[in-house]
Protein chains: 2
Amino acid sequence: MNMRKLVGRNFARLRKESGLSQEQVAERADLTQQYISGIETGKRNPTIETLYAIAKAFGVSHVELVLPDGHDD
Amino acid sequence: MNMRKLVGRNFARLRKESGLSQEQVAERADLTQQYISGIETGKRNPTIETLYAIAKAFGVSHVELVLPDGHDD
DNA sequence: GTGTGACTCAGAGTCCGTA
DNA sequence: ATACGGACTCTGAGTCACA
């Protein structure tokens, strides 16, 4: 289980469903667009507090961001 | 939602249900008792990879460690 | 059997620019 | 609108001695 990639996939999918851009999410979560990009591409290893902040930023539960999706990489 | 305390409560509860001491969990997870203590007391802000590591070492899903419990602090 | 403070070092997260 | 890179600061990872 690659947690970075799992969170990245979940995040990118949910964000797109919400219709928000990385820039908009970054502003709401008080983070940078570059950092959001790093999360979605699986390069970053966010803390649980950051996870919660970004989940809240587009109105989903932080639990959804860590739910396994069968990809298993 | 205080994520540190939430994870701490979840971890402590699951650990006690299993009947193991912090020392025993630490040994299984190849970590120190002090580190486990820091998680349970909400002093640490673990990354998602650390979260996954301790969950796995303890035999529960990482999802269980972040599930809200109604405490809301 | 558990919690605290101090520690080293790697990485979280920033800002700049750029493509 | 997104991703990459360097240089930067601050905090998390993980430990030890001790309360």
Side-chain angles (χ1 to χ4, degrees), chain A residues 1-67 69 71 73, chain B residues 1-67 69 71 73:
Chain A
M1 178 88 71
N2 185 324
M3 286 299 286
R4 300 191 191 201
K5 290 191 178 168
L6 170 61
V7 169
R9 278 196 306 273
N10 284 336
F11 186 92
R13 177 174 40 79
L14 292 165
R15 178 180 64 79
K16 284 168 190 163
E17 285 175 12
S18 80
L20 294 171
S21 68
Q22 289 183 354
E23 283 173 336
Q24 289 171 316
V25 171
E27 188 178 10
R28 289 171 166 219
D30 204 25
L31 293 167
T32 62
Q33 175 270 320
Q34 290 89 339
Y35 188 68
I36 300 294
S37 169
I39 302 253
E40 290 195 8
T41 52
K43 297 192 174 52
R44 295 293 185 151
N45 181 24
T47 65
I48 51 171
E49 289 188 345
T50 301
L51 191 79
Y52 180 70
I54 60 182
K56 214 173 66 170
F58 56 90
V60 303
S61 167
H62 60 276
V63 177
E64 295 205 55
L65 293 180
V66 298
L67 281 180
D69 60 357
H71 241 265
D73 62 338
Chain B
M1 177 89 69
N2 185 323
M3 286 300 286
R4 299 193 192 200
K5 290 191 178 169
L6 171 60
V7 170
R9 278 196 307 274
N10 282 337
F11 190 88
R13 177 173 42 77
L14 292 165
R15 177 180 64 79
K16 285 169 189 162
E17 284 174 12
S18 79
L20 294 170
S21 67
Q22 287 184 353
E23 284 173 335
Q24 289 171 316
V25 171
E27 188 177 11
R28 287 174 166 216
D30 202 25
L31 292 168
T32 60
Q33 173 271 319
Q34 289 90 336
Y35 188 71
I36 302 294
S37 170
I39 300 267
E40 288 195 9
T41 53
K43 301 208 166 37
R44 297 282 184 155
N45 181 23
T47 64
I48 52 172
E49 288 190 345
T50 301
L51 190 80
Y52 180 70
I54 60 180
K56 207 175 73 172
F58 189 57
V60 302
S61 166
H62 60 276
V63 177
E64 294 205 56
L65 293 181
V66 298
L67 282 180
D69 59 359
H71 241 264
D73 63 337

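Order of the sequence lines fixes the chain letters, A, B, ..., with proteins taken first and strands second; residue numbering starts at 1 for each chain.
Between B:Arg4 and D:dT11, a side-chain N or O to OP1/OP2 separation shorter than 4.0 Å is absent. The phosphate of C:dT14 (OP1 or OP2) has no side-chain N or O of A:Tyr35 nearer than 4.0 angstrom. Side-chain N/O atoms of A:Ser37 include one lying less than 4.0 angstrom from OP1 or OP2 on D:dA3.
Side chain of A:Asn45 to backbone of A:Arg4: no donor-acceptor contact under 3.5 angstrom is found. For B:Arg15 (side chain) and B:Val25 (main-chain N/O), no donor-acceptor pair under 3.5 Å exists by modelled atom type. The backbone N or O of B:Gln24 lies less than 3.5 Å from no partner atom in the side chain of B:Glu27, so there is not a single donor-acceptor pair.
Computed from coordinates, the B:Ile36 CD1 to C:dT4 P distance equals 15 Å when rounded to whole Å. For B:Gln24 and C:dT2, the CD to C1' distance is 14 Å, given to the nearest whole Å. Summarising the geometry, the separation between CD1 on A:Ile39 and P on C:dA12 is reported as 9 Å, rounded to the nearest angstrom. What separates CD of A:Glu40 from P of D:dA1 is a distance of 14 Å, to the nearest Å.
In plain terms, the two heavy atoms of B:Leu65 and B:Ala55 that are nearest each other are CD1-CB, 3.7 Å. The heavy-atom pair separating A:Phe58 from A:Ser18 by the smallest distance is CB-OG, 4.1 Å. The heavy-atom pair separating A:Ile48 from B:Met3 by the smallest distance is CD1-O, 3.7 Å. Contact between A:Val63 and B:Val66 at its shortest, heavy atoms only, is CG2-O, 4.0 Å. When all heavy atoms are compared, the tightest approach of A:Ala29 to A:Ala53 is CB-O, 4.0 Å.
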>> Using side-chain hydrogen bond (donor to acceptor under 3.5 Å, both in side chains), reason through A:Glu23 and A:Gln33 one step at a time and then give a plain yes or no.
In response: CA-CA 5 Å; A:Glu23 283 173 336; A:Gln33 175 270 320; over 6 Å; no
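For DNA chain D, the neighbouring residues in residues 42-58 of chain B, judged by any heavy atom under 4.0 Å, are B:Arg44, B:Asn45, B:Pro46, B:Thr47, B:Thr50. Contact check of residues 27-34 of chain A against DNA chain C (heavy atom, cut-off under 4.0 Å) returns A:Asp30, A:Leu31, A:Thr32, A:Gln34.
Within the 4.0 angstrom heavy-atom criterion, base atoms lie near B:Glu23.
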